[in-house]
Undergrad: 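Can you keep this structure in mind? I'll have questions shortly.
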Amino acid sequence: DADFDCWMRWVTLQPVFRRIFGCSFLPDHDYGKGGKGWRDLWQDLLSLILIEPEHVRASLIENFNGVRIDGTNATIIGSGKGEFIADRNAITRVWMDHGAWPVLTVLLYLDQTGDTDFLFEPAAYFRDAQMSRTRRKDFKGEPAADQCLLTRGGEVYTGTVLEHMLVQTLTQFFNVGEHNLIRLESADWNDGLDMAFDRGESVAFSSFYAANLKRLADWLEYLQKEKGIMSVEVFQELTILLDQPDGVCCDYDDVQEKQRLLFEIYCPAVEPHLSGRKVAVECGLLIQDMRRKAEWIFQKIRSQEKICVSHQGKDYQWFNGYYDNQGRRVEGQGDGSIRMTLTGQVFTVMSGLADEDEIREIIASVDAFLKDAHGGVRLNTDFGLRNYLDLGRAFSFAYGTKENGAVFSHMAVMYACALYMRGFAREGFEVLNALFRMSSDFAVSRMHPNLPEYFDGQGRGMYGYLTGSASWMVLTLLTQAFGVRGEKGDLILDPKLVREQFSPDGSASVKSSFAGRELTVHYQNPKRLDAGVYRVREVKANGPALSFETLDNGALRLSREHLQNILGPLEVTVYLA
């Protein structure tokens, strides 16, 4: 589709413009004050890792200097190299989702490059007056001039990138509300759910953090088996959050005990200064700990958060996404309306929590309640409230505007990505194609050729450059639809293209970079078979046939070492049958 090709060239530029200009660009100056926030930073890097990976390593390391020792982080990236600001409005807050994004981005970088040394690069910690996830302030103690965490001996403390990711992930496991899921602090990812600090919880991001625990454990197992790394070094106080060989660190089912461990034992031990002592933790024990925590979260959500409703003679099921500031479950049926969020479904699917039958139920529910008349997928149903101040300011917008029920491109693309990841290629394609059709229908969208932050109730595209949705579109198309991605540094080819994405003669191609080389992958599908029907029959690289390893899911693996021995730009042709 020539129109799609041209449109995607503009979409691919969006993260580059964002890196240069920040969030506010061209006609978007009415939104915020410009600059770049923590969440923006990590999600823009997703596509930049795919487009120009050689330029991101140093930036990734610098960014970890913005992590606090309590698992939170500075929210704004300053203008100078490695400069961080607690908040642009001098209102210091923390977001419950912020610790999830660095892990996602770093693991993509590791898969694309195989650069495991990156995990052991040193970085400092951000230090300001905020402590214990905003529960305490320290206005008397002066941090270092460059806002770095100090040891009790007055030295700047540095820990590995891996240690920083462990801090942001492990602390959240204990930061729970009354339903024993991770607290919804100042806001969830879209900032519209910002008024449930006291009793709100995010089921959606609990599943995301659980997935991060599992993936970090997988990487540690890889380091142990393939690299011979049997232990990792962390600051001594972090072991407070880890299970010991003779038992768990606390009763996971006890909300008060988990909160006490985090806020009364761990935080006072690391604030305002660290001891500076480091200990070696066996990889095997750390792997066991993280997998135990992840599985506990999964089982908690499976047993507690399933929503079942009946509508017009049909039964529907999905997962609840949130609890509000009164401790009430947000989603379900009542008060004359059906309440459903897309976010609650994206992360239960993407994390692997939902099984295949549950995914089919989710798809049916999304199609029934969240489909927009213009073809896209809405962020939520109409809750039927003028305001919902027990959850967030998003619900003071008119329904169909911004975070209240608009076709929010970012979450829609993430939904498509999750579907692709779990093998539902046709459904994922339909979501992405709807966004393209809405964007390119200028008579309705009235926008530049790109993917906007959202489409309003009339189908108009809003905020063309303020969005991380472009990064997710690049990521989803390349790594999932075309199936061109890295895994532990090797090249994986796992196409999930549907028949409409092949030309009349059955070809489809994509250009990218891999292992420092220009890479073009050509798929040949002469019978125009649909995704899920075809398999790889033969692979050629720059002419000769290549040997490849077939994985359990039908994907193929080409070793990085083998590809590096081929001279010149890589032209890989994959024959499907």
Side-chain angles (χ1 to χ4, degrees), residues 38 41 57-88 90-95 98-99 102-103 106 117-172 174-175 231-242 249 260-282 286:
W38 185 261
L41 181 78
R57 191 182 198 273
S59 296
L60 286 169
I61 295 170
E62 286 174 10
N63 296 344
F64 278 102
N65 291 294
V67 174
R68 293 190 186 91
I69 201 68
D70 64 359
T72 65
N73 47 263
T75 61
I76 301 299
I77 312 308
S79 56
K81 185 177 181 180
E83 179 186 349
F84 296 92
I85 303 169
D87 187 89
R88 64 162 61 95
I91 304 171
T92 305
R93 298 177 293 170
V94 297
W95 282 257
H98 275 186
V103 175
V106 167
D117 290 341
F118 175 85
L119 290 171
F120 302 100
E121 292 285 355
Y125 285 87
F126 184 70
R127 166 79 167 91
D128 59 358
Q130 177 176 303
M131 298 197 303
S132 300
R133 306 187 73 89
T134 71
R135 294 192 178 196
R136 297 193 298 134
K137 306 287 183 184
D138 178 25
F139 294 113
K140 295 181 180 179
E142 288 296 325
D146 53 359
Q147 293 187 299
C148 292
L149 176 70
L150 303 179
T151 67
R152 290 169 198 155
E155 298 176 346
V156 173
Y157 175 81
T158 59
T160 63
V161 166
L162 174 61
E163 181 189 272
H164 284 66
M165 292 195 292
L166 291 174
V167 168
Q168 288 209 286
T169 308
L170 290 169
T171 51
Q172 284 289 59
F174 300 93
N175 185 29
S231 64
V232 295
E233 194 175 59
V234 299
F235 59 89
Q236 187 179 48
E237 295 87 342
L238 188 61
T239 60
I240 293 169
L241 304 178
L242 298 175
C249 57
R260 185 180 67 84
L261 186 71
L262 178 61
F263 292 108
E264 298 179 27
I265 300 177
Y266 173 77
C267 285
V270 298
E271 298 168 337
H273 306 296
L274 275 177
S275 68
R277 292 189 294 271
K278 295 189 178 186
V279 296
V281 179
E282 290 182 18
L286 194 50

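Please read all numbers here as calculations on a predicted model, not as lab measurements.
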Undergrad: Can you find a side-chain donor-acceptor pair between Asn65 and Glu62 that sits under 3.5 Å?
TA: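 Their side chains do not contain a donor-acceptor pair, so the 3.5 Å distance test is not met.
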
Undergrad: Could you tell me whether Glu233 atom CD has more than 12 heavy atoms of other residues or ligands within 6.0 Å of it?
TA: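 Yes - once you tally the heavy atoms of other residues, nucleotides and ligands closer than 6.0 Å, there are more than 12.
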
Undergrad: Considering non-hydrogen atoms only, spot the tightest contact between Ala123 and Phe64 and give its length.
TA: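 Heavy-atom minimum between the residues: CB-CB, 4.0 Å.
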
Undergrad: Side-chain donor-acceptor contacts of residues 262-272 below 3.5 Å, not counting sequence neighbours, with atom names and distances?
TA:
from: Tyr266; atom 1: OH; to: Ile69; atom 2: O; distance (Å): 2.8
from: Glu271; atom 1: OE1; to: Ser132; atom 2: N; distance (Å): 3.2
from: Glu271; atom 1: OE1; to: Ser132; atom 2: OG; distance (Å): 2.9
from: Glu271; atom 1: OE1; to: Arg136; atom 2: NH2; distance (Å): 3.1
from: Glu271; atom 1: OE2; to: Ser132; atom 2: N; distance (Å): 2.8

Undergrad: Begin from the C-alpha positions of Leu166 and Leu286 and carry the test side-chain contact (heavy atoms from CB on, under 4.5 Å) through to its verdict.
TA: CA-CA 10 Å; Leu166 291 174; Leu286 194 50; 4.0 Å; yes

Undergrad: If you round to the nearest 0.5 Å, how far is CZ of Phe126 from SG of Cys148?
TA: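 Interatomic distance, Cys148 SG to Phe126 CZ, rounded to 0.5 Å: 9.5 Å.
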
Undergrad: Once side-chain hydrogen bond (donor to acceptor under 3.5 Å, both in side chains) is applied, do any residues pair with Asp70, and if so which ones, sequence neighbours excluded?
TA: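 Partners of Asp70 by the side-chain hydrogen bond (donor to acceptor under 3.5 Å, both in side chains) criterion, ordered by chain and then number, come out as Thr72.
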
Undergrad: Go through the structure and list residues passing side-chain contact (heavy atoms from CB on, under 4.5 Å) with Thr151, not counting sequence neighbours.
TA: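 Applying side-chain contact (heavy atoms from CB on, under 4.5 Å) to Thr151 gives Glu155, Tyr157.
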
Undergrad: Step by step, would you call Leu150 with Val156 a side-chain contact (heavy atoms from CB on, under 4.5 Å)?
TA: CA-CA 4 Å; Leu150 303 179; Val156 173; 3.7 Å; yes

Undergrad: Write down the atom of His98, the atom of Pro102, and the distance for their closest heavy-atom approach.
TA: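 Heavy-atom minimum between the residues: O-CD, 3.1 Å.
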
Undergrad: Hey, is the main chain of Asn73 close enough, under 3.5 Å, to the side chain of Trp38 for a donor-acceptor pair?
TA: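 It does not hold such a pair.
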
Undergrad: Taking only residues two or more places apart in sequence or in another chain, which ones pass side-chain hydrogen bond (donor to acceptor under 3.5 Å, both in side chains) with Ser275?
TA: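 Once residues adjacent in sequence are excluded, the partners of Ser275 under the side-chain hydrogen bond (donor to acceptor under 3.5 Å, both in side chains) criterion are Glu237.
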
Undergrad: Run the numbers on Asn63 and Leu41 for side-chain contact (heavy atoms from CB on, under 4.5 Å), then give the verdict.
TA: CA-CA 9 Å; Asn63 296 344; Leu41 181 78; 3.2 Å; yes

Undergrad: Nearest 0.5 Å, please: how far is CG in Leu274 from CG in Leu149?
TA: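 Leu149 atom CG to Leu274 atom CG measures 4.5 Å (nearest 0.5 Å).
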
Undergrad: Please list, chain by chain and in numerical order, all residues satisfying side-chain hydrogen bond (donor to acceptor under 3.5 Å, both in side chains) with Arg135, sequence neighbours excluded.
TA: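 Checked Arg135 against side-chain hydrogen bond (donor to acceptor under 3.5 Å, both in side chains); zero matches.
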
Undergrad: Looking at every heavy atom in both Val94 and Arg133, which two are closest together, and how far apart are they?
TA: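 Closest heavy-atom pair between Val94 and Arg133: CG2-O, 4.2 Å.
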
Undergrad: Give the minimum heavy-atom separation between Cys249 and Leu261, together with the two atoms involved.
TA: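 Answer, listing the atom of Cys249 first, then Leu261: SG-CD2, 3.9 Å.
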
Undergrad: Would you check if Lys278 and Gln236 make a side-chain contact, meaning some heavy-atom pair closer than 4.5 Å?
TA: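 No, every pair of side-chain atoms sits at 4.5 Å or beyond.
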
Undergrad: Do the side chains of Thr239 and Val279 get nearer than 4.5 Å, heavy atoms only?
TA: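 Heavy-atom side-chain distance check passes, below 4.5 Å.
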
Undergrad: Which atoms form the tightest heavy-atom contact between Leu119 and Met165, and what is the distance?
TA: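 Looking at all heavy atoms of both residues, the closest pair is CD2-CE, 3.5 Å.
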
Undergrad: Run the salt bridge (Lys or Arg N to Asp or Glu O under 4.0 Å) test against Glu121 and tell me which residues pass, sequence neighbours left out.
TA: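 Arg57.
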
Undergrad: Working to the nearest 0.5 angstrom, can you tell me the gap between Leu238 CG and Thr171 OG1?
TA: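 Taking CG in Leu238 and OG1 in Thr171, the distance rounds to 9.0 Å.
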
